[in-house]
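Order of the sequence lines sets the chain letters (A, B, ...), proteins ahead of strands, with each chain counted from 1.
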Amino acid sequence: MKYDFNKIEKKWQDYWKNNHCYKIDISSDRPKLYVLDMFPYPSGEGIHVGHLKGYTATDIYSRYKRLKGFNVLHPMGWDAFGLPAENYAIKHGIHPKITTQKNISNIKRQMMDAGLSYDWEKEINTTDKDYYKWTQWIFIKLFENGLAYKKMLPINWCPSCKTGLANEEVVDGKCERCGTLTTKKDIEQWVLKITDYAEELLDGLDDIDWPEKIKEMQKNWIGKSEGYEFDFKIKEKAVSVFTTRIDTLCGCTYIVLSPEHHLINELDFENKDEVKDYIEKAKNKSERERISEVKDKTGIELKGLKAINPINGKEVSVFVADYVLYHYGTGAIMAVPAHDERDYDFAKKYNLEIIEVVKDDILINSSQFNGLKSEEAKKKIGDYLNAKKKINYKLRDWLFSRQRYWGEPIPIINCEKCGPVVETNLPLILPEVEKYQPTGTGESPLASIDSWVNVKCPKCGGKARRETNTMPQWAGSCWYYFRYLDNKNNDSFVDKNIQKKWLPVDLYVGGAEHAVLHLLYARFWHKFLFNIGEASNKEPFYKLRNIGLVLAQDGQKMSKSKGNVVSPDEVIKNYGADTLRIYEMFMGPFEQAIQWNDQGLKGVYRFLNKFWSLDIKEESSPEVISYTDKTIAKIEKELEKMKFNTPVAFLMEFVDFVSDKKIGKQEMEKILIVFSIFAPHFCEEIWEMLGNKESITKQKWPEFNLIEEKDFSLMIQVGGKLRDKAIFSGETSKEEIIEEIKNREKVKKWIEGKQIKEVIYVPKKLINIVLCAE
RNA sequence: GCCUCGGUGCUGGAAUUGGUAUACAGGGCGGACUUAAAAUCCGCUGGUCCUAGACCUUGAGGGUUCGAGUCCCUCCCGAGGCACCA
């Protein structure tokens with residue numbers, strides 16, 4: 001009989017669905033395992049084979065662990081708020097809710113076609129009012145705890161998306177979504193105080209099993225530096241500076257204020273007009289211009305002013321320069337050109353004095369501090385000046401409001417008398433609106449619905465206006481892993497006992513592009529929820545693994561505009577889901593980016609056909625029995641290390657091995673159970689053909705029995721070079737082996753007439769005869 | 001510039017963590033089957049020397065070791081991230 005994947009796959013997908021084969025009982029006593037995929041945005045194009053690579057890996061891992069007796073939660077849902085649906089609505093006049101629904105059912109179909117074993121009763125959708133009710137609820141908690149506040153500030157503005165963006169969403173001065181250069185704009189915005197959590201976010205990294213790369217990226221983004229803060233005097237005024245290198249203070253030859261520094265207006269100096277001019281120009285520079293000027297710094301001296309270096313009373317010049325950032329530290333620095341590259345560039349350009357004060361980690365030119373080691377000097381000088389110890393972070397607060405329609409409404413009412421008041425009636429439902437278009441004025445389209453906007457203050461009953469901004473697309477994904485556990489709960493975002501048992505997520509798989517976005521935001525919310533007693537542990541995701549991109553066959557990133565996207569629909573039609581699943585894994589290590597290759601599918605398909613036509617007899621030979629067990633042991637070892645490409649290779653070798661020997665029913669069944677995690681449809685079918693009534697998904701991972709083999713093959717080296725091989729039986733001693741091999745032709749030839757220095761023996765593997773040098 | 005990964009046949013990759021380098025797959029070449037093609041099956045496929053046999057070979061060079069793709073040092077190349085954060 002031919003391997004008819006079309007028929008087989010349809011048959012078993014229906015079977016699994018009708019028999020609820022992947023339904024999970026959260027309350028079971030079996031050991032829990034929470035295996036989570038980063039949930040997708042339901043785009044109109046559906047998913048491509050790149051998404052499926054990650055989903056297949058977690059599916060295989062989940063199936064493996066289920067067979068191993070774990071109670072595995074492996075859910076899927078939809079991160080459905082966001083710009084694309086809204087843009088589509090603007091273009092076609094179709095409500096985002098409708099397109100989103102349509103896209104979800106398409107992607108869900110694709111996932112089912114691929115044989116993914118999700119429990120769809122746990123499905124969630126961030127745009128569902130019963131879901132975003134709790135997103136809003138968490139926002140209110142943040143607000144009540146002083147972590148959400150409204151502030152007028154110059155924000156990153158995308159002129160094309162017509163909305164403000166968080167720092168994390170600006171890449172290279174451009175909008176992360178559409179690539180348009182961002183500008184600065186002053187708007188009153190909601191901001192989340194993620195900076196309060198800088199230290200906790202940093203500390204927590206030590207307790208989780210994440211790729212070093214992602215940890216490193218988060219550390220850099222948080223950017224902790226420890227140093228000192230102290231004053232320089234300019235006449236009767238004081239300029240506070242922050243430095244991590246207080247030991248180099250004697251090398252300070254000037255100080256620099258950022259253009260926005262408040263002191264500039266308070267000081268009296270000669271060239272006011274010129275300075276004013278410089279500041280104006282600096283403010284109008286785009287992010288791009290600033291970046292391109294790194295090597296060619298600009299600045300201007302405040303003429304007639306001198307600052308006093310507190311350590312030695314030396315008078316130094318005062319500059320304004322835009323290489324000093326207002327928002328970091330104190331917005332002013334002491335410049336030490338000898339020991340700071342930026343100060344050096346500036347000093348060279350403006351011909352300023354450069355004094356070296358540290359050589360080979362020892363202080364010089366520093367009067368009473370000469371001879372001290374750097375670290376020691378920091379402490380001594382800090383104490384001497386009575387300087388404040390200070391820790392600064394690069395991390396800035398999270399800009400949380402968006403001037404767009406398709407997002408969670410921020411549940412706040414602005415009362416003329418009471419100020420911002422929380423909405424008590426949750427969910428605050430996103431209203432229908434005629435025009436989705438962003439207004440560009442800094443208000444969202446919701447602002448045009450008078451009946452929705454104008455409300456009475458819930459506190460005093462006075463005149464009030466609803467907040468019209470919506471939350472960013474990251475909001476819903478900050479806590480979704482809680483909701484899968486208890487997705488129908490109406491009284492709380494998750495039941496306490498359930499989350500206590502199930503969190504953290506044991507394995508989280510997704511792309512690395514979320515390193516400082518979703519993964520940082522989610523950790524922040526989680527830690528907040530922990531601190532207010534709502535989450536039972538400190539970290540959301542214990543083990544994180546990144547899937548490598550699947551590049552298109554032309555080596556480029558898959559994209560709709562390049563027309564090089566490979567759709568799983570096509571592949572499944574031509575080769576079936578099992579071939580696709582195996583190929584996705586066989587391509588290479590799943591954390592690595594690899595090019596798609598249609599030819600590779602053929603190889604897998606050939607393998608399945610070969611497997612399909614294996615001859616099965618009553619009993620296996622001892623040789624086949626032992627080979628089966630060895631294969632299972634090897635595969636298990638690899639799966640525990642999250643390696644999915646090598647198990648496929650082992651299965652291929654296995655099929656080769658038994659194809660001319662024939663395989664007994666018992667061994668066939670064992671290997672089918674193992675193989676079923678990769679090719680579930682294929683294995684169910686053969687499993688049934690062998691007379692089994694119960695689904696293969698309900699079986700146990702096979703036991704194996706590794707018998708130590710009597711004989712072993714020994715590598716024989718002379719002087720570290722392989723010269724011969726021989727078979728010995730297990731009982732042979734080292735001495736016996738040496739005697740034996742000395743007489744072998746191929747060995748004799750190399751040792752004849754030479755003296756043996758020593759013999760290294762690695763039991764049952766290798767023997768190396770080391771000769772004396774001539 | 002800094003940080004984090006990587007560099008193995010024609011291609012994707014494997015190598016028990018210091019012990020047979022190139023498993024498995026693709027491609028190529030040769031053959032069988034076929035009127036023919038596809039599919040399928042069999043054989044060969046790192047380099048040099050005519051062969052046996054030997055020597056060389058994991059980005060380059062050095063080192064440690066009986067033994068190095070794997071460890072150490074220097075350098076080169078590629079990918080990703082950060083980037084005036086004092």
Which part of the nucleic acid, if any, lies within contact of [X], taking any heavy atom under 4.0 Å across all strands shown: a base, the sugar-phosphate backbone alone, or nothing?
X	answer
A/Ile760	base
A/Lys643	sugar-phosphate
A/Lys725	base
A/Lys213	sugar-phosphate
A/Pro211	nothing
A/Arg723	sugar-phosphate
A/Lys297	base
A/Lys390	nothing
A/Asn645	sugar-phosphate

Taking atom types as they are modelled, is there a donor-acceptor pair under 3.5 Å from the base of B/G6 to the side chain of A/Gln592? no

Would you say the base of B/C82 and the side-chain of A/Asn220 have a donor-acceptor pair closer than 3.5 Å?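 No such pair is found, so the answer is no.
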
Would a line drawn from the ring center of [X] to the ring center of [Y] be shorter than 6.0 Å?
X	Y	value
A/Tyr508	A/Trp210	no
A/Phe654	A/Phe675	no
A/Trp596	A/Tyr583	yes
A/Tyr323	A/Phe346	yes
A/Phe611	A/Phe682	yes

If we take the [atom1] atom in both [N] and [M], what is their distance in whole Å?
N	M	atom1	answer
B/G13	B/U22	C1'	10 Å
B/G1	B/C75	P	12 Å
B/C10	B/G59	P	13 Å
B/C50	B/A39	C1'	40 Å
B/G9	B/A14	P	14 Å
B/A21	B/U70	P	14 Å
B/C55	B/U74	C1'	29 Å
B/A68	B/G63	P	12 Å

Kindly label the base of B/U35 as syn or anti, based on whether its glycosidic torsion lies within 90° of 0. anti

Could you check B/G69 for me: syn (within 90° of 0) or anti? anti

I want to verify a distance call: between [options], whose nearest atom is closest to the [X] side chain?
X	options	answer
A/Trp750	B/G81, B/C55, B/G19	B/C55
A/Thr646	B/A39, B/A86, B/A14	B/A14
A/Val324	B/A86, B/A15, B/C66	B/A86
A/Glu653	B/C55, B/A86, B/A23	B/A23
A/Lys721	B/A86, B/C56, B/G19	B/C56
A/Lys602	B/A86, B/A39, B/C24	B/A39
A/Trp221	B/C82, B/A25, B/U16	B/C82
A/Met652	B/G26, B/C24, B/A86	B/C24
A/Phe586	B/U4, B/G19, B/G12	B/G12
A/Asp322	B/G13, B/A86, B/C84	B/C84

Using 4.0 Å as the upper bound for N to carboxylate O, is an ion pair formed by A/Glu638 and A/Lys641? yes

Both distances under 3.5 Å, Watson-Crick or G-U wobble: report the partner of [N], or none.
N	result
B/A37	none
B/A14	none
B/G27	B/U45
B/G19	B/C66
B/G6	B/C77

Got more than 12 heavy atoms from elsewhere within 6.0 Å of NZ, A/Lys233? no

Reading RNA chain B from 5' onward, which residue's closest nucleotide shows up sooner: A/Gln595 or A/Lys637?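 The residue closer to the strand's 5' end, by nearest nucleotide, is A/Gln595.
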
Rounded interatomic separation in angstrom, taking [atom1] from [X] and [atom2] from [N]:
X	N	atom1	atom2	result
A/Asp724	B/G53	CG	P	12 Å
A/Leu722	B/G19	CG	P	14 Å
A/Trp596	B/A25	CH2	C1'	14 Å
A/Arg606	B/G26	CZ	C1'	8 Å
A/Lys215	B/G80	NZ	P	24 Å
A/Ile594	B/C5	CD1	P	19 Å
A/Phe654	B/C24	CZ	C1'	16 Å
A/Met715	B/U20	CE	P	5 Å

For a quick test of reading the model: is some side-chain N or O of A/Tyr328 closer than 4.0 Å to OP1 or OP2 of B/A86? yes

When you look at A/Lys314 and A/Glu353, which way does the salt bridge (Lys or Arg N to Asp or Glu O under 4.0 Å) test go after all the steps? CA-CA 13 Å; A/Lys314 181 175 164 164; A/Glu353 197 184 0; 3.3 Å; yes

One pair to check against side-chain hydrogen bond (donor to acceptor under 3.5 Å, both in side chains): A/Asp247 and A/Ser374. What are the steps and the verdict? CA-CA 6 Å; A/Asp247 54 310; A/Ser374 254; 2.8 Å; yes

